[in-house]
Structures are given as C-alpha cells and as structure tokens.
Amino acid sequence: MASTVAIEGLNHWYGRGANRRQVLQSVGLTIEPGEVVLLTGPSGCGKTTLLTLIGALRKVQEGQVCVLGQPLNAAGRGARQRLRRRIGMIFQGHNLLRCLTAEQNVQMGADLLKDRSYLARRDLSRQWLREVGLGDHLNKLPHDLSGGQKQRVAIARALAAHPQLLLADEPTAALDSTTGREVVDLLKRLAREQACSVLMVTHDPRILDVADRLVRMEDGRLFCSVG
Ligand SMILES: Nc1ncnc2c1ncn2[C@@H]1O[C@H](COP(=O)(O)OP(=O)(O)OP(=O)(O)O)[C@@H](O)[C@H]1O
Ligand SMILES: [Mg+2]
C-alpha cells in the first residue's frame, strides 16, 4: 500500500525581502497507513507549519509533498479542496461554528459522508459525541461548553468524517489527564480500525506511549526521536 504521507526535501519560508525567514529546512517524513506518529519540539520550531502544509491549507514552496496519493506541489485549488475532505484536522483553537450545537457541529463532519442518509449521519454524530464523553451535551452551543469540551467536539467532528489521515495539533492541551488519555486512546483505536494514519503534535509526555513512532522538530529540522 502507498504511504499516506511522503515528504522529501521540504523547505518553507515566511515573510518577504529582509523579513524572509526559513521555518522548515529539508524536512523528510513518511507516514504509513494506520501509523500513529507523534511530533514534539519547542514552541516556534515549525510544527504547525508542517501540519498545515500536509493538510493542504498552505501552498508548498519547495520540496516534494504527497498526501493520500495526491502530489501537492503543483496541485490547484480544486485538488487541494478535494484532498482536504479526506483529512481530519484538529487544530489549536477549536473552529466550532458558534451558532450550531455540539451535535450540529459534529454533523458537519458526518455530512462529508455522501453515501449515508441524514438519519444515519445524525446517529453517527451522536455516537461520536458519546465516544468522547459528551452524550449529555448534544444540544449545547459552544459558548456553553468548557474549553476541554469544545476540544472534544472538534475531535468528534474530525472523526465523524472517517478521515484517512488525521492531523491533530495538541488535541489534549485543554484536557485533564484522564480525558486526554481517553481521547488519545480513541484516536489510536480509530487509526487501527480504519487504517487511518495520525500525525499529532503534543507537549504532553503522558501520552507519548500511544505513538508507533516519535519525531522531534528543532529549528525547522526534523529528527527521529530516540527512546
Ligand atoms: N503566517 C506567518 N507569518 C510569518 N511567520 C509565521 C507565520 N506563522 C508562523 N510563523 C513563524 O514561523 C515559526 C514557526 O511557527 P509554527 O506555528 O509552525 O511553530 P510551532 O512549532 O507550531 O509552535 P507552537 O508550539 O508554539 O505552536 C515561528 O517562529 C512563527 O513565529
Ligand atoms: Mg503550533
């Protein structure tokens, strides 16, 4: 089976002219189907930048990036949009729609499954919310949920779309250790059951054991972690 993510010689810069600064340097990374890779590294080293490039949210400037079989270097807007529908993304800040309930927010993810009926997608949304421990909060608006609960709604929304790749930027940052553990175990189970690959940024040393592989970033360079 082809790799889910294949990156070679990836360089990235921000800014122009005298302000131009390189934030990714010769990054190489391969992620196989069903593999859970954890990415650690100090603040500002380039982790989120790498995730947004893999998620086709940002244009590749230099290097080879191939995600779910789609080369991103020359990909146009349409191809990047189609690819994004196959990727689940959980980013810092929850990006929930404020006027929709928890259930409706998750249903936005489930609605990407075009072959399911409305009722099936609604049931799926409720099921994912129960999985993340929010079965009693289906009808609440984001405003009435805690930070950790909002984070879990965002996770349920990403999982409800049955992604083949999940990109998660510190998904447990706003969670207490028990809930964080549960969420990470859930991501791991999804990876196994659906052959979904997971790339997760984390500073949380308590969850490192879920990783099939640890990689570390420093000053825009990626290293294989030891131990
Ligand atoms: N849109 C942007 N324009 C200019 N510089 C940026 C932009 N986004 C990020 N940067 C800079 O690029 C570097 C890498 O940022 P990035 O967000 O990838 O770091 P990070 O590893 O995710 O950090 P953190 O752990 O704090 O989230 C930082 O120095 C940041 O200030
Ligand atoms: Mg970041």
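In each ligand, atom 1 is the first atom listed, and ligand 1 is the first ligand listed. It should be emphasised that the depicted structure is a prediction, and the values quoted were computed from it without experimental measurement.
Contact analysis puts Gly46 in contact with ligand 1, with a non-hydrogen atom separation below 4.0 angstrom. Heavy atoms of Cys45 come nearer than 4.0 angstrom to ligand 1 in at least one pair. Met217 does not count as a contact of ligand 1, since none of its heavy atoms falls under 4.0 Å from the ligand.
Residue Gln61 qualifies as enclosed at atom CD: its count of foreign heavy atoms under 6.0 Å is above 12. By the 6.0 Å contact criterion, CG on Asp219 is open, its count of non-hydrogen atoms from other residues, nucleotides or ligands being 12 or less.
Taking only nitrogen or oxygen atoms, main chain and side chain alike, Gly44 reaches within less than 3.5 Å of ligand 1. Looking at ligand 1, you'll find an N or O of Lys47 within less than 3.5 Å of one of its N or O atoms. Geometrically, ligand 1 and Glu170 share no nitrogen or oxygen pair separated by less than 3.5 Å.
The two residues Leu222 and Val27 have their closest heavy-atom pair at CD2-CG1, 3.9 Å. Listed here is the closest heavy atom pair of Ile90 and Ala154: CG1-O, 4.2 Å. In this structure, Arg121 and Arg116 approach most closely via the heavy-atom pair NE-O, 3.0 Å.
Contact check on Asp212 versus Lys188 returns a salt bridge, with a Lys/Arg side-chain nitrogen under 4.0 Å from an Asp/Glu carboxylate oxygen.
For ligand 1, the atoms lying closer than 4.0 Å to a non-hydrogen atom of Val23 are 12 (O), 13 (C). Short contacts between ligand 1 and His203, defined as distances under 4.0 Å to a heavy atom of the residue, involve ligand atoms 25 (O).
For residue Thr49, no N/O/S atom approaches the Mg ion (ligand 2) to within less than 2.8 Å.
Contacts classified as side-chain hydrogen bond (donor to acceptor under 3.5 Å, both in side chains) and involving residues 25-39 (residues at least two apart or in different chains) are given here: Ser3-Glu32, Gln25-Arg221, Glu35-Arg213.
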